[in-house]
Structures are given as C-alpha cells and as structure tokens.
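Side-chain atoms are counted along with the backbone in the values below, which use heavy atoms only and exclude waters and symmetry mates. The structure displayed is predicted, hence computed values, not measured ones.
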Amino acid sequence: MRVNRENIVYIAAFAIFAVFFGVLYFTGEPIYVGDTYQYEHQMIMREPVYSLLIQFVRFLSPEHHFQIIIALQNLLAVAANTAVIVFMRRRCGLNVPSTLLFTVILLMPHIMTPVLSRTHLLLTNALMTEGISYSIYPLAFVSLLDMMWGGAPVGRKSFRTLLIFLLMTLIRGQMMVLFVVWFLVAYLLTVKNAVRVTEKTQGRMDTFRFTENISKQGLIAIIAAFIIAFAARSVVIHVYNYLEQGLFVDTISGKAMSFANVLYVADREDGEVIADEALRELFYEMYDAADVNDMNYTDAPSGILARAKYHEDCHDELNFTYFGETAKSYVTRTQGIDTDRFQELMIEVDEIAAELTGLLMPQVIGRYAVNYLYVIALGFIRSVAVEHAVLAWYTLFIYAAAVVLTAVLWIKNPRSKAAPFMAVALVTIVGNVCATALMIQCISRYMIYNFPLFYMAGFLELKELVKIDRERHG
C-alpha cells in the first residue's frame, strides 16, 4: 500500500507518543498512591469508573492487574493523543511543524507533573483516575470542538460529546463543570442559529420570531439532555454504591473537603454560634489541635501566592487528621458506628461537615472569600504555567492577550474557528479553577487539564490573524 505524506505525518506523531509513553511504561512501575486503596476497595468516596476498571482487570489477572492497568493507561494515552492530532490537523489545516508543536504541547502535562509538581507523579503509571483522565480529556474536548464547529446544538455530535462528558464525570467528580460548558456551547449555538434563521426569513430581527426559532433549534432538547445527564450520573453512582457496598448513596467526602476550607479560616470564638454543646465541643477540639500546629489562616505568610501555598499545605491535614479523625471518634461515641462499618461512618462524618459548614459559614464568610481569591489566583496560574512570582505576571499577560486576541479575531472573522476554541478553553479554565477551589486546593494536577488546549487555541488564533493580515495586505 502506498503511504502518502499525510499518513507519514500521522505515523510520526503516533511514533512520538508511542516512544514517550513506551519509555514511561517500560522504565517505570505501577505507582500505588493514597487514593488507590479507595478505588481498589470500591469505596463510596470515589466515582465508579476507575474502581470498576481495577475490579475488572483484577478479575482477569489477580497477580498482575496493576501492571496490566498501567499498560492500558499508556496505550490509551498513545491512542487518544494521536486521535487528537489527527482531528486538529484535518480540521485546522496544520502543517508539519505545527503538527509536531501540537504533539509536544499534548505531552506537556505528562512532562510538567513528574518534573515540576510536588508529587512528581508519572501520570500514566499512577494507579489513580489521572492515569486515564488526562488521556480522555483532550479527546472529549475535541468532540466539543467538532460539535461547536459543526454548528448543530442538537444531533449526533452534540449528544456524543455529552456522553463523553458523562463518562468523565464518572471518572472524576471535578469534571462536572463540563456539563455546564456543554450546555453553554449548545445554548449559544441555538441562539446563533435562531438569529441567522430569523434574519434570513424576516429580513430583520423580530423578537417574536426569534423566540420561536430558538425553540425550533432545539432548546427544549438541550435543557432535557442537560438534566438527564446530571440525573443519569446520580443514578449510576447510587446504583454502583448499592451494588458494591449496599448503600444507595451518592459519592461522599466532598462536604468534608469543603469544610477543611472553613476550618482553616475559622477563629475559636466562631464556635459560639453552635448551639449543640457536643457539636460545639467537637469544633473546639479540632480547632485547638489544628491551631497548636499552625493550621490556621493567621499563621500564613504575607503575599497572595504564599498565602495560597500555605492553605494548600494545611488542607489535607485539616481534612483527614484534624477534622476527619476527630469526627470519626465523635460519631463512634455518639452513634456507635465504628470502623467495622467504615462506609456508614464516612457518610456520618460527611454530614457533620455539612452541618458545621452551615453553622460557621456566616461567621467566616469574609475571611473565606478572601482566602478563596488567594486559592483561585494560584489555580489560574497553574492552569497555564507553574507557580512563581515572575510567572504570575506572565499569567496575567497571557490571559489578557488571549481575551484581546479572541475579541479582535471574532471582529475580523466572525466565522473563526480559533476564537470560539479559545473562548471555550477560557470558560472551562474559569469553571475548573473556581469549582475546584470550593472543594479542595488547586494543585497542579487538578489544574493543567486545559493547559494543552489553551496553548493550541492561542497558536491557532495567531495563525488566523496572520492569515487575515496577509490577505488584506496581500
């Protein structure tokens, strides 16, 4: 069979991915992390997909299932990233240097995390959701681009994208922001199409006809699909937890993670609003233990990034030790639920976190909001760079440049592909950072999902602007 130049480019990209992830696999071992135990034992604190993957592969090979899983994860990375390159090259007309650049950009999260992050994890060798989510995520995003560039808010591409997003949310709860992104894109496509049809048939904008055309473009179907996706996720998780643990519940632990942020910004006197004496004493117990060990906002150094980093260093200890262990003892004392019924114990612990959050939040809301701004500032930096005082200024510049480029390009070329690509990448970054900061700290591996997408969109914007200027001055 004759191999043309196009196929050679794809083979080259595939070879780069195969060599990169092949080296990671053959020179590394399965990395068992703290989260692995929870997935391995199908605990209700975790979403089902990765737990089921471990369960299935362990059934096939009880002795070598971890080795097989990381082999699958590296193979998935090769296949998914190659598919992204094929899509981008075909739809965006990338030349060979641009294709190779995009290949390197897609590898950046897998380079940055082991080299620059605190954990130094090789993502595709780690027995955690990131082992597969970093490969599926760009594939899911190009499905969204395919839907968006196709211009149809309702149809095969749209529902395929929503299904992939549903899968992502069943891998990581963090990905629920993708449902909102899908809805916004589908809604804006509906509005855009309704405007076009109205002006075409009426010769002008008519409010009544415009409203009617929005409905005809599938707005009801979009809203229904959005609601069904949320409901389907909840049903799947409830059924999964019932079958695995006999508990018809949603994924828990999010309330406890969120309460760690409240505990961090609390003062001791805030506990006075807790009317229940036993619960108030519980708060004092965890607060005093944390305060002695400088786990409080008053102990943070000056500077936005320094304060965000200090909160980050405190969060897990506040969650798992100062709150978690204290709350478990409290539940055991008051309700007789001990570690023999661990899943039920964790449900009650999560409920205590929710109750304490509701009582204390009015007292701490100002401090909480300020600390939240510190946390999201670090999250925005890590979405496109690494944390450093100099790179903080770079981040401000690059975000501003992205917004300006997008606006300019949309004005110059309303049919631009790159401008909506960047707009959606920016919205997704905002959603990911702001939602994650409500629950937990914005560490690098939670943030850099959108890193490749942001820079690919930026490159395409520059490419389009250069092309427009050449045509105008040509």
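- For the residue pair R445 / T113, no side-chain donor-acceptor distance below 3.5 Å is found, with atom types taken as modelled.
- Under the 4.5 Å side-chain criterion, counting only non-hydrogen atoms from C-beta, L127 is not in contact with Y39.
- The minimum heavy-atom distance linking V390 with H388 is given by the pair N-ND1, 3.0 Å.
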(request) Please lay out, stage by stage, how V104 and L100 fare under the test side-chain contact (heavy atoms from CB on, under 4.5 Å). (result) CA-CA 6 Å; V104 174; L100 294 177; 5.8 Å; no
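- In this structure, the side chains of M88 and L460 come closer than 4.5 Å at one or more pairs of heavy atoms.
- Side-chain N/O atoms of S416 and E464 include a donor and acceptor closer than 3.5 Å.
- Using a 4.5 Å heavy-atom threshold, the side chains of H311 and N261 count as touching.
- The two residues C442 and V433 have their closest heavy-atom pair at SG-O, 3.9 Å.
- A heavy-atom distance below 4.5 Å is found between the side chains of R172 and Y449.
- Using modelled atom types and a 3.5 Å distance limit, the side chains of S143 and D146 yield no donor-acceptor pair.
- Expressed to the nearest 0.5 Å, how far NZ of K412 lies from CG of L405 amounts to 10.0 Å.
- Here T357 pairs with nothing under the side-chain hydrogen bond (donor to acceptor under 3.5 Å, both in side chains) rule; sequence neighbours left out.
- Side-chain contact, T428 with N450: no donor N or O sits under 3.5 Å from an acceptor N or O.
- Taking both residues in full, the closest heavy atoms of T124 and H110 are given as CG2-CE1, 3.9 Å, listed atom of the first, atom of the second, then distance.
- Under a 4.0 Å N-O distance rule, the pair R46/E244 does not qualify as a salt bridge.
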